[in-house]
Amino acid sequence: MTAADFKSEFLRTFVERGAYYDCSAPEDLDALFLKERVTAYIGFDCTASSMHIGNLVQLMTLRRMQQAGHRPILLMGGGTTKLGDPSGKDEVRKLLTPEQIDANKQSMVAGISHLLKFGEGESDAIMIDNAEWLDKLEYIPFLRGIGRHFSVNRMLTMESVKIRLEREQALSFLEFNYMVCQAYDFVELYKRYGCRLQSCGSDQWGNVVSGIDLGRRVASAQLFGLSTPLITTSSGAKMGKSVSGAVWLNADMRSPYDYWQFWRNTEDGDVGRFLRLFTDMPLDEIARLEKLEGNERNEAKKVLATEATSIVHGRAAANEAAETARRTFEEGAFAEGLPTFEIPRDKLAEGILVANLAQMAGLSSSSGEARRLIQGGGLRVNDAAVSDVKASVSLSNLTGEGVIKLSVGRKKHILVKPI
RNA sequence: GGGGGAAUGUCCCGAGUGGCAAAGGGGGCGGACUGUAAAUCCGCUGGCUACGCCUUCGUAGGUUCGAGUCCUACUUCCCCCA
């Protein structure tokens with residue numbers, strides 16, 4: 001599919017931005033987008049207290065729908081999270097308590113307030129929790145009304161299930177019901193809100209198709225599915241997935257500055273693609289940035305970082321992060337915007353081992369690791385490498401700005417501030 | 001229901017004759033080179049009140065001076081038979 005295959009503003013943009021992977025009925029959906037204001041949804045499970053980079057393609061899809069004048073529904077899986085989605089998971093998910101799920105939901109939604117406009121207007125986003133209906137389901141009526149439309153034979157061939165079976169890993173009956181509930185959600189949203197489209201990542205495609213089938217059977221409705229590709233970096237890694245954890249969108253879990261840094265460190269080969277996917281930059285401008293070579297490519301990365309940060313944290317925070325980075329990396333100066341760590345003044349006056357300070361400031365997870373960092377020459381105080389494992393700092397190390405700059409590697413910096 | 005096999009460093013894969021903080025990868029982190037990139041090379045990759053101490057090999061017991069390694073029970077998964 002190319003953009004030229006579509007007439008509707010949304011689908012053209014969607015394709016041009018590189019977000020298109022698959023669609024259940026491209027021509028019909030295109031016609032629908034031309035004809036009316038479409039209500040569409042994407043579901044998110046409440047498994048963590050913040051959305052992360054992995055959810056971003058989906059969130060951007062909702063954003064672009066809104067920009068094209070349609071109505072996005074943010075479906076929070078307060079109900080489905082109680083089952084646990086088997087897709088892409090090697091092992092049974094740890095069950096969360098209803099309280100945790102609810103707290104996660106609140107926090108996740110709060111974290112994307114810049115990204116979507118919620119409200120009562122015609123193309124304002126609405127947030128719905130599928131616990132609203134899933135929690136109240138009655139087992140037998142549900143099985144008779146919905147369950148009979150599902151073929152176990154077919155469910156067993158679905159990717160999410162097959163992987164579990166092939167990898168010799170457990171799949172509980174509880175999780176097995178996940179796809180049924182997700183399909184039911186779609187139909188329920190159609191009935192309650194006239195929602196015609198579910199978008200998703202390619203890994204959820206099977207569940208979306210199940211929902212479309214179910215809609216035809218129980219509601220005689222033509223529902224649509226639209227999927228995005230799985231986003232990987234050009235060296236093949238899953239986006240934002242690392243041992244150190246997901247790249248969170250909530251500011252209290254990853255500061256705007258660190259978020260900016262994440263994008264700034266994008267691999268060369270990904271810059272153009274990410275600009276299209278994760279920013280609102282005009283395409284011709286992206287095309288220009290994409291052509292920059294060598295050292296100039298860093299300009300494109302800065303634009304990417306600032307624009308992507310702006311969408312999640314707002315323009316002001318993004319500009320501030322960019323400025324902090326400029327001062328730190330390009331001038332080698334102390335930038336006030338760097339993350340800070342506060343320490344009682346008298347504690348610092350006594351003198352404190354650099355290794356321990358690094359650990360307290362969160363730059364190292366154990367004193368052993370801090371020790372190893374020093375031995376490898378990776379820990380610096382005020383930009384000077386620490387050579388002695390037993391080195392300590394005190395008030396005399398404070399710079400003119402009244403702080404101590406502690407760095408791990410070339411990129412991670414923290415300002416230690418006495419209070 | 002019966003028989004056989006598997007579970008290892010809490011990121012993953014994976015070797016492991018009774019002396020093991022446990023081979024080797026991948027990943028990650030640090031260093032060099034660069035452009036805060038990639039590729040490449042080097043180092044590190046249980047914890048601590050640190051020349052010593054503590055905790056790790058599915059769970060719980062047992063044998064032994066000593067157990068990831070042997071025995072028993074349990075849990076989960078795979079395969080074969082029913």
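Per chain, numbering begins at 1; letters A, B, ... match sequence-line order. Please read all numbers here as calculations on a predicted model, not as lab measurements.
We find that CZ of A:R264 is positioned 8 Å from C1' of B:A37, with the value rounded to whole Å. A:D270 has its CG atom 10 Å from the C1' atom of B:A37, to the nearest Å. Rounded to whole angstrom, the span from the CD atom of A:Q375 across to the C1' atom of B:G31 amounts to 13 Å. In this structure, the CZ atom of A:R380 is 11 Å from the C1' atom of B:G31, given to the nearest Å. When the C1' atom of B:A39 is taken as reference, atom CG of A:D268 falls 11 Å away, rounded to whole Å. Atom CG in A:N265 sits about 8 Å away from atom P in B:A38, given to the nearest Å. Taking atom CZ of A:F262 as the reference point, atom P of B:A37 lies 14 Å away to the nearest angstrom. For the pair A:K411 NZ and B:G28 P, the interatomic distance rounds to 12 Å; values are reported in whole Å.
Of the P atoms belonging to B:A22 and B:G30, the separation is 25 Å, rounded to the nearest Å. For B:G1 and B:U72, the C1' atoms lie 22 Å apart once the distance is rounded to whole Å. For B:C80 and B:G19, the P atoms lie 36 Å apart once the distance is rounded to whole Å. Between B:A32 and B:C20, the distance separating the two C1' atoms is 34 Å to the nearest Å. The separation of B:C51 from B:U56, taken at their P atoms, amounts to 22 Å, rounded to a whole angstrom. Taking atom C1' in both B:C70 and B:U17, the straight-line distance is 13 Å, to the nearest Å. Look at the P atom in both B:C33 and B:C42: the space between them is 16 Å, to the nearest Å. Going from the C1' atom of B:C57 to that of B:G68 covers 5 Å, rounded to whole Å.
Here B:C29 is the nucleotide among B:C29, B:G31, B:A37 with the atom lying nearest to any side-chain atom of A:L373. Of the candidates B:A32, B:C29, B:U36, B:C29 carries the atom nearest the A:K412 side chain, counting heavy atoms from C-beta on. Closest to the side chain of A:R297, out of B:G31, B:G35, B:A37, is B:G35. In this structure, the nucleotide among B:G35, B:G30, B:U36 sitting nearest to the side chain of A:V408 is B:G30.
In this structure, a donor-acceptor pair under 3.5 Å is present between the side chains of A:Q58 and A:T228. A side-chain N or O of A:D45 and one of A:Y178 form a donor-acceptor pair less than 3.5 Å apart. In this structure, a donor-acceptor pair under 3.5 Å is absent between the side chains of A:S367 and A:N356. If you check the side chains of A:K301 and A:N265, you find no donor sitting under 3.5 Å from an acceptor. Under the 3.5 Å distance criterion, with hydrogens and angles disregarded, no donor-acceptor pair is assigned to the side chains of A:Q204 and A:Q198. There is a side-chain donor-acceptor pair under 3.5 Å between A:T306 and A:W260.
With its glycosidic angle more than 90° from 0, B:C54 adopts the anti conformation. In this structure, B:C51 is classed as syn because its glycosidic torsion stays within 90° of zero.
Contacts of A:D388 classified as side chain to side chain contact (heavy atoms under 4.5 Å, CB included), with partners at least two apart in sequence or in another chain: A:K390, A:A391.
Between A:D30 and A:K7 there is no salt bridge, since none of the side-chain N atoms of the basic residue sits less than 4.0 Å from a carboxylate O of the acidic one.
Across every strand in view, B:G46 sits in a pair with B:C54 that passes the Watson-Crick or G-U test at under 3.5 angstrom. Of the nucleotides present, none pairs with B:A21 by Watson-Crick or G-U wobble criteria with both distances under 3.5 Å. Pairing of B:C41, defined by two Watson-Crick or G-U wobble distances under 3.5 Å, is identified with B:G31. As the counterpart of B:G61, B:C71 is assigned, both hydrogen-bonding distances of the Watson-Crick or G-U wobble pattern falling under 3.5 Å.
Without hydrogens or angle criteria, A:N250 side chain to A:S107 main chain gives a donor-acceptor distance under 3.5 Å.
Among the protein residues, A:G409 comes within range of the sugar-phosphate backbone only, with heavy atoms under 4.0 Å from sugar or phosphate atoms but none that close to a base. Within 4.0 Å (heavy atoms only), A:Q261 reaches at least one base atom of the nucleic acid.
Both A:R371 and A:A325 lie close to RNA chain B; mapped to their nearest nucleotides by heavy-atom distance, the more 5′-ward contact belongs to A:A325. Ranked by how close their nearest RNA chain B nucleotide is to the 5' end, A:G269 and A:G377 are led by A:G377.
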Shorter than 3.5 Å, N or O on both sides, protein versus nucleotides 52-57 of chain B: list them out with atom names.
none

For nucleotides 43-49 of chain B, give me every protein contact, N/O to N/O, under 3.5 Å, one pair per line with atom names.
| residue | atom | partner | partner atom | Å |
| --- | --- | --- | --- | --- |
| B:G47 | OP1 | A:S366 | OG | 2.9 |
| B:G47 | OP2 | A:R372 | NH2 | 2.6 |
| B:C48 | OP1 | A:S367 | N | 3.3 |
| B:C48 | OP2 | A:S367 | N | 3.4 |
| B:C48 | OP2 | A:S367 | OG | 3.3 |
| B:C48 | OP2 | A:G368 | N | 3.1 |

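With ring centers used as reference points, A:Y184 lies under 6.0 Å from A:F142. Under the 6.0 Å cut-off for aromatic ring centres, A:H313 and A:Y257 do not qualify, their centroids lying 6.0 Å or more apart.
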Using the rule given for salt bridge (Lys or Arg N to Asp or Glu O under 4.0 Å), can you reason through A:R71 versus A:D124, listing the C-alpha separation, both sets of side-chain angles and the distance that settles it, and then say yes or no?
CA-CA 6 Å; A:R71 181 169 70 149; A:D124 281 349; over 6 Å; no
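At least one side-chain nitrogen or oxygen of A:R410 sits closer than 4.0 Å to the OP1 or OP2 atom of B:A32.
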